[in-house]
Enquirer: 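Got a structure here, written out as structure tokens. Questions coming.
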Amino acid sequence: MVSRMIDIRIPATSANLGAGFDALGLALNYYNYVRMEESDRAEIISLDGTVVPTDESNLIYASAKSLYEICGKDFKGLHIEQTNNIPMTRGLGSSSACIIAGLAGANRLMGNLLSLDEMVNLSAQIEGHPDNTAPALLGGIVTAVFDGKVVHWVKQEVHPSLKFVVIIPDFELKTEKARACLPTEVSHKDAVYNLSRAALFSASLLTGKYENLRTAVHDKLHQPYRMELIPHGREVFDIAYSLGAYASYLSGAGPSIMAIVDDENRYFTGKMRFSGDDIGLSSWQVKGVGIGKEGTTITEV
Ligand code: HSE
């Protein structure tokens, strides 16, 4: 069999969108890239200099290998070249991007044995929740319920007049730590607080009632606890609102903070940058991003 080489492009993602904890997520238009080819051993190269494991513990490699095993196919090894644009442990879906790269790449190299729905299910089973993995595969904004086996999902498009500006701290926050700080139980009142806002968020975003977004991103399940782990986080939220953001929320498990603005607020990114500098956050990145409409794409080289 002639060995095939493929290029995989996987978007960054922003999960939760405030109140939609473990349920809502969107894909962004900046990407990790992975070149993959079957080989007789593990050969892993990081093209951008990011330090990644270069043995079988590499997340892309391990995810790909697991799919070969699930499908009962012989696996000898893979040649992987990865370009890691998505910053790691910043709440922008870097680990789901690796899982998706491995699964999607392996699936293509084996001749697309799994359907898109099966890929969505499997990636959520591996990652534990679907709000990063589903949009990374599907693109757009995704509403997802994972019942433990199957992801029930809807993908929708976000109006192009909306812009997303991500503010990325200069420190990491591991998802395990950001989940460990959450309470194991919540009150009925807090559950209602969140579910009503998550529903309002989706309906408002998709019908253009953007003035609701500020209320809709408030939550009582995760952000108040995680903000304690993010020095200057509250100031950044306040600045974003003072500069006219519709909404500001913690991206995924944090520590990155996302602001939603419309394209009439043209200088928001620059103003956010200057305001960050003023409060001593010049080492934080401020990046204007759009929605990744397509999700993961694969091309044959
Ligand atoms: N919904 C997840 C969380 C996203 O907030 O912990 C991170 O994987």
Side-chain angles (χ1 to χ4, degrees), residues 1-13 25-29 31-45 47 56 58-86 93-157 291-301:
M1 193 182 80
V2 181
S3 165
R4 291 154 71 207
M5 188 184 277
I6 53 172
D7 280 340
I8 312 158
R9 189 187 78 167
I10 321 96
T13 48
L26 49 83
L28 302 170
N29 65 355
Y31 302 95
N32 277 0
Y33 296 90
V34 176
R35 177 162 285 188
M36 188 181 282
E37 185 181 24
E38 289 185 341
S39 169
D40 56 5
R41 59 187 177 280
E43 294 176 306
I44 298 157
I45 302 167
L47 293 179
E56 296 211 352
N58 177 284
L59 192 50
I60 301 172
Y61 188 93
S63 305
K65 184 179 177 193
S66 70
L67 190 58
Y68 274 79
E69 288 167 358
I70 288 167
C71 295
K73 294 280 182 188
D74 276 350
F75 180 85
K76 295 193 178 66
L78 288 171
H79 174 85
I80 289 174
E81 296 171 21
Q82 57 184 103
T83 305
N84 314 280
N85 295 320
I86 307 171
S94 62
S95 55
S96 16
C98 292
I99 293 169
I100 298 295
L103 295 177
N107 194 40
R108 174 62 73 95
L109 290 175
M110 288 188 293
N112 287 332
L113 297 180
L114 269 63
S115 67
L116 181 60
D117 271 316
E118 287 169 328
M119 295 288 288
V120 171
N121 294 339
L122 183 62
S123 57
Q125 287 161 12
I126 292 173
E127 221 264 351
H129 14 83
D131 48 338
N132 283 122
T133 50
L137 270 167
L138 301 164
I141 177 169
V142 177
T143 305
V145 170
F146 181 42
D147 68 13
K149 269 188 172 171
V150 173
V151 179
H152 308 266
W153 57 267
V154 175
K155 170 190 171 179
Q156 287 164 295
E157 304 245 329
I291 298 296
K293 289 185 192 164
E294 287 184 296
T296 296
T297 57
I298 301 180
T299 50
E300 306 268 342
V301 181

Enquirer: For atom CG of Asp147, decide whether the heavy atoms of other residues, nucleotides or ligands shown that lie under 6.0 angstrom number more than 12.
Expert: yes
Enquirer: State, yes or no, whether a side-chain contact exists between Asp131 and Phe146 at a heavy-atom distance under 4.5 Å.
Expert: no
Enquirer: Considering only heavy atoms from C-beta outward, does the side chain of Ile141 approach that of Ile291 to under 4.5 Å?
Expert: no
Enquirer: Please assess Gln82 against Asn58 for the test side-chain hydrogen bond (donor to acceptor under 3.5 Å, both in side chains), listing each intermediate value before the final yes or no.
Expert: CA-CA 11 Å; Gln82 57 184 103; Asn58 177 284; 2.9 Å; yes
Enquirer: Rounded to the nearest 0.5 Å, how far does CD1 of Ile100 lie from CD1 of Ile60?
Expert: 11.5 Å
Enquirer: So, taking the atom named CD1 in Ile8 and the one named CD in Glu81, what distance separates them when rounded to the nearest 0.5 Å?
Expert: 11.5 Å
Enquirer: Kindly determine whether Lys73 and Leu113 satisfy side-chain contact (heavy atoms from CB on, under 4.5 Å), including the steps that lead there.
Expert: CA-CA 11 Å; Lys73 294 280 182 188; Leu113 297 180; 3.7 Å; yes
Enquirer: Roughly how far apart are Leu103 CG and Ile126 CD1, rounded to 0.5 Å?
Expert: 4.5 Å
Enquirer: Hey, does Gln125 have a side-chain heavy atom less than 4.5 Å from the side chain of Asn121?
Expert: yes
Enquirer: Looking at Asn132 and Gly93, what are the two nearest heavy atoms and their distance?
Expert: ND2-CA, 3.9 Å
Enquirer: Are any non-hydrogen side-chain atoms of Ser66 and Leu122 less than 4.5 angstrom apart?
Expert: no
Enquirer: In the structure I gave you, are the side-chain heavy atoms of Met110 and Leu67 within less than 4.5 Å of one another anywhere?
Expert: yes
Enquirer: Do you know which two heavy atoms are closest between Ile298 and Ala104, and how far apart they sit?
Expert: CD1-O, 3.4 Å
Enquirer: Could you tell me which residues satisfy side chain to side chain donor-acceptor pair (under 3.5 Å) with Ser39, sequence neighbours excluded, listed by chain and number?
Expert: Glu43
Enquirer: Sub-3.5 Å donor-acceptor pair from the side chain of Asn32 to the main-chain atoms of Asn85, do we have one?
Expert: yes
Enquirer: Determine yes or no for a side-chain-to-main-chain donor-acceptor pair under 3.5 angstrom, with Thr296 supplying the side chain and Ala136 the backbone.
Expert: yes
Enquirer: To the nearest 0.5 Å, what is the distance between CG (Asp117) and CG (Leu137)?
Expert: 10.5 Å
Enquirer: How far does CG of Leu109 sit from CD1 of Ile6, to the nearest 0.5 angstrom?
Expert: 4.0 Å
Enquirer: Measure the shortest side-chain to side-chain distance between Ser95 and Leu59 over non-hydrogen atoms and say whether it is less than 4.5 angstrom.
Expert: yes
Enquirer: Locate the shortest heavy-atom distance separating Val151 from Ala144; write the atom from each residue and the value.
Expert: CG1-CB, 3.8 Å
Enquirer: To the nearest 0.5 Å, what is the distance between OG1 (Thr133) and CH2 (Trp153)?
Expert: 12.0 Å
Enquirer: Strictly by salt bridge (charged side-chain N to carboxylate O under 4.0 Å, His left out), give each pair with a member in residues 96-109 just once, sequence neighbours left out.
Expert: Arg108-Glu300
Enquirer: Can you find a heavy atom in the side chain of Leu28 that is under 4.5 Å from one in the side chain of Pro11?
Expert: no
Enquirer: Indicate the atoms forming the closest heavy-atom contact of Leu78 with Tyr68, along with that distance.
Expert: CD2-OH, 4.4 Å
Enquirer: Which atom pair, heavy atoms only, marks the closest approach of Cys98 to Ser63?
Expert: O-OG, 4.3 Å
Enquirer: Could you check if a side-chain atom of Glu38 sits within less than 4.5 angstrom of a side-chain atom of Lys76, using non-hydrogen atoms only?
Expert: no
Enquirer: Determine the minimum heavy-atom distance between Ala27 and Thr13, stating which atoms define it.
Expert: CA-CG2, 4.1 Å
